[in-house]
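To keep things clear, I will list the structure first and then write my remarks on it.
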Amino acid sequence: LDVCNALIKSLFKACKYEEAELLYLKMEGMGLIPNDVTYSILIEWYSKNGRMDKAFEIYRKMVDLCVVASIYPYTCLLNGYSQLGEMKKAESIFHDMVEKGVKPNVVTYTSLISGYCKQKEMKVAFKLFCNMCERGIAPNTYTYTALISGFCRVHMIPDAVKLFEEMVQRKIPPNEVTYNVLIDGYCQEGNTVRAFQLYDEMLQKGLVPDSYTYRPLISGLCRAGRVSEAQEFVNDLCGEKSRLNEICLSALLQGYCQEGRLSEAYNACKKNLATGVEMDIVCYTVLIYGALKRNDKRELFRLLKEVHDNGLTPD
RNA sequence: ACAAAAUCGGC
């Protein structure tokens with residue numbers, strides 16, 4: 001059974017969706033009764049592929065067959081609804097599990113909280129956070145990060161910062177993702193100074209920045225009209241093995257294009273191509289808008305040809 | 001070491 005579960009999981013991972021499903025259907029014939037791990041894997045996979053109907057069907061089947069279930073299948077299904085913003089359904093799973101005597105844990109709560117944060121329902125999200133604390137469920141780095149990200153998304157930086165300080169006090173260590181969301185928050189507010197302070201702080205702590213860190217910083221500098229500084233920042237990063245990607249590049253290109261500095265944008269592309277960052281369709285779209293704005297038909301056609309030559313599909 | 005939760009780009 002364990003082997004079967006592992007196999008189903010890896011088939012899904014390899015996107016061999018039909019074979020995974022087939023194996024699941026064949027299990028019974030092989031004298032294997034799917035357990036809650038099997039159901040969790042199936043529910044998670046369907047959830048993450050927008051097939052909540054199938055996910056729920058599997059869940060129903062599990063319930064109907066009275067499979068003794070751990071917390072996993074519930075949390076997987078709840079997370080599926082939560083990420084899609086179907087909060088009513090997520091809540092109903094929450095109540096289902098409580099009824100069945102399965103106690104929601106920190107992952108369950110964090111998943112729900114994250115769902116409300118994505119819906120910008122910060123009051124509800126924060127209330128859930130208080131509830132879980134009252135029930136003696138200790139929040140962790142994921143929980144705090146979800147909330148901080150939520151507050152940043154609705155431009156409530158002071159609340160985000162308050163939570164950040166609180167987690168440090170409670171010895172719940174912020175990690176890379178926590179720093180990334182706060183840095184992004186500050187950059188969106190135009191506070192690049194504070195953003196770079198946090199960037200330095202994370203380096204000091206030995207945390208490793210990545211494209212999720214760089215992209216906000218690049219965008220932040222560009223939006224402040226400091227495109228050249230953004231370029232320098234990128235140049236400095238190219239030295240080491242770069243964690244820059246096409247998303248960071250698109251942010252830089254947009255900075256150039258908004259100032260009408262197209263030739264510098266093209267140079268930036270060349271430089272980044274040399275370091276292994278490939279242009280994707282969004283990068284080209286940014287350049288195309290730049291060329292359009294300047295009525296540069298020649299460049300426009302050259303770009304469209306390049307898109308085609310690189311095997312990309314215009315959208 | 002059989003399963004679950006948090007962060008990005010163009011229009």
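Proteins get letters first, then strands, A, B, ... in listed order; numbering begins at 1 in each. A quick note: this is a predicted structure, and the numbers were derived from the prediction, not measured.
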Would you classify Ser70(A) as touching base, sugar-phosphate or nothing, given that sugar-phosphate means primed atoms plus P, OP1 and OP2, and contacts are heavy atoms under 4.0 Å?
base

Between Glu44(A) (CD) and A3(B) (C1'), how many Å, whole number?
7 Å

Do you know which two heavy atoms are closest between Ala268(A) and Leu253(A), and how far apart they sit?
CB-CD2, 4.3 Å

Which nucleotide wins on minimum distance to the side chain of Asn105(A), given the candidates G10(B), C2(B), A4(B)?
A4(B)

U7(B) C1' sits how many Å from Asp184(A) CG, rounded?
7 Å

Euclidean distance, atom NZ of residue Lys120(A) to atom P of U7(B) [Å, nearest integer]:
14 Å

When you measure from the side-chain N and O atoms of Gln83(A) to the phosphate of A6(B), is any distance below 4.0 Å, counting only OP1 and OP2?
yes

Any chance you could lay out the ring pair (Phe, Tyr, Trp, His ring centres under 6.0 Å) test for Tyr109(A) and Tyr142(A), step after step, and finish with the verdict?
CA-CA 10 Å; Tyr109(A) 272 99; Tyr142(A) 281 58; over 10 Å; no

Quick check for you: among A3(B), A5(B), G10(B), whose closest atom lies nearest to any side-chain atom of Tyr289(A)?
G10(B)

Any base atoms under 4.0 Å from Ser211(A), or only sugar-phosphate, or nothing? Heavy atoms, all strands.
base

Counting only side-chain N and O atoms of Lys9(A), is one of them less than 4.0 Å from OP1 or OP2 of A4(B)?
yes

Sub-4.5 Å side-chain heavy-atom contact between Leu244(A) and Leu249(A):
no

Using a cut-off of 4.0 Å on non-hydrogen atoms, how would the nucleic acid contact of Cys283(A) be classed: base, sugar-phosphate, or nothing?
base

Heavy atoms under 4.0 Å, any strand shown: does Asp2(A) hit a base, just sugar-phosphate, or nothing?
base

Do the charged groups of Arg302(A) and Glu306(A) touch, with an N to O distance under 4.0 Å?
yes

Among U7(B), G9(B), A4(B), which is the nearest nucleotide to the side chain of Val282(A)?
G9(B)

pi-stack flag for Tyr142(A) and A5(B), centroid dist under 5.5 Å, interplanar under 30°:
yes

Would you say the base of A6(B) and the side-chain of Asn140(A) have a donor-acceptor pair closer than 3.5 Å?
no

Rounded to whole Å, CG of Asn175(A) lies from C1' of U7(B) at a distance of 10 Å

Tyr179(A) ring center within less than 6.0 Å of Tyr212(A) ring center:
no

Between P on G9(B) and CG on Leu252(A), what's the gap in Å once rounded to a whole number?
16 Å

Just to be sure I understand the rule, does Val177(A) reach a base, reach only the sugar-phosphate, or reach nothing, if contact means heavy atoms closer than 4.0 Å?
base

Centre-to-centre under 6.0 Å for Tyr39(A) and Tyr72(A), is that the case here?
no

Over all strands shown, is Asp280(A) touching base, sugar-phosphate only, or nothing at heavy-atom distances under 4.0 angstrom?
base

Atom-pair distance (CG on Leu7(A); P on A3(B)), nearest Å
14 Å

Could you tell me whether Tyr212(A) contacts a base, only the sugar-phosphate backbone, or nothing, with contacts defined as non-hydrogen atoms closer than 4.0 Å?
base

Looking for any heavy atom pair under 4.0 Å, which part of the strands does Glu176(A) touch: base, sugar-phosphate only, or nothing?
nothing

How would you label the contact of Lys48(A) with the nucleic acid (heavy atoms, under 4.0 Å): base, sugar-phosphate, or nothing?
sugar-phosphate

Which is true for Ser111(A) with a 4.0 Å heavy-atom rule: it touches a base, it touches only sugar-phosphate, or it touches nothing?
sugar-phosphate

From the list Ser47(A), Ser114(A), Ser111(A), side chain to side chain donor-acceptor pair (under 3.5 Å) with Asn79(A) holds only for Ser111(A)

Given A6(B), G10(B), A3(B), the nucleotide with the shortest approach to the side chain of Pro73(A)
A3(B)

Separation of atom CG in Leu312(A) from atom C1' in G9(B), rounded to whole Å:
15 Å

What nucleotide among A6(B), A5(B), C2(B) has an atom nearest to a side-chain atom of Asn5(A)?
C2(B)

Of the candidate nucleotides C8(B), A6(B), A3(B), which contains the atom at the shortest distance from the side chain of Ala146(A)?
A6(B)

When the distance from CG of Leu287(A) to C1' of C11(B) is rounded to whole Å, what number comes out?
14 Å

Arg153(A) has its side chain closest, among C8(B), A6(B), C11(B), to C8(B)

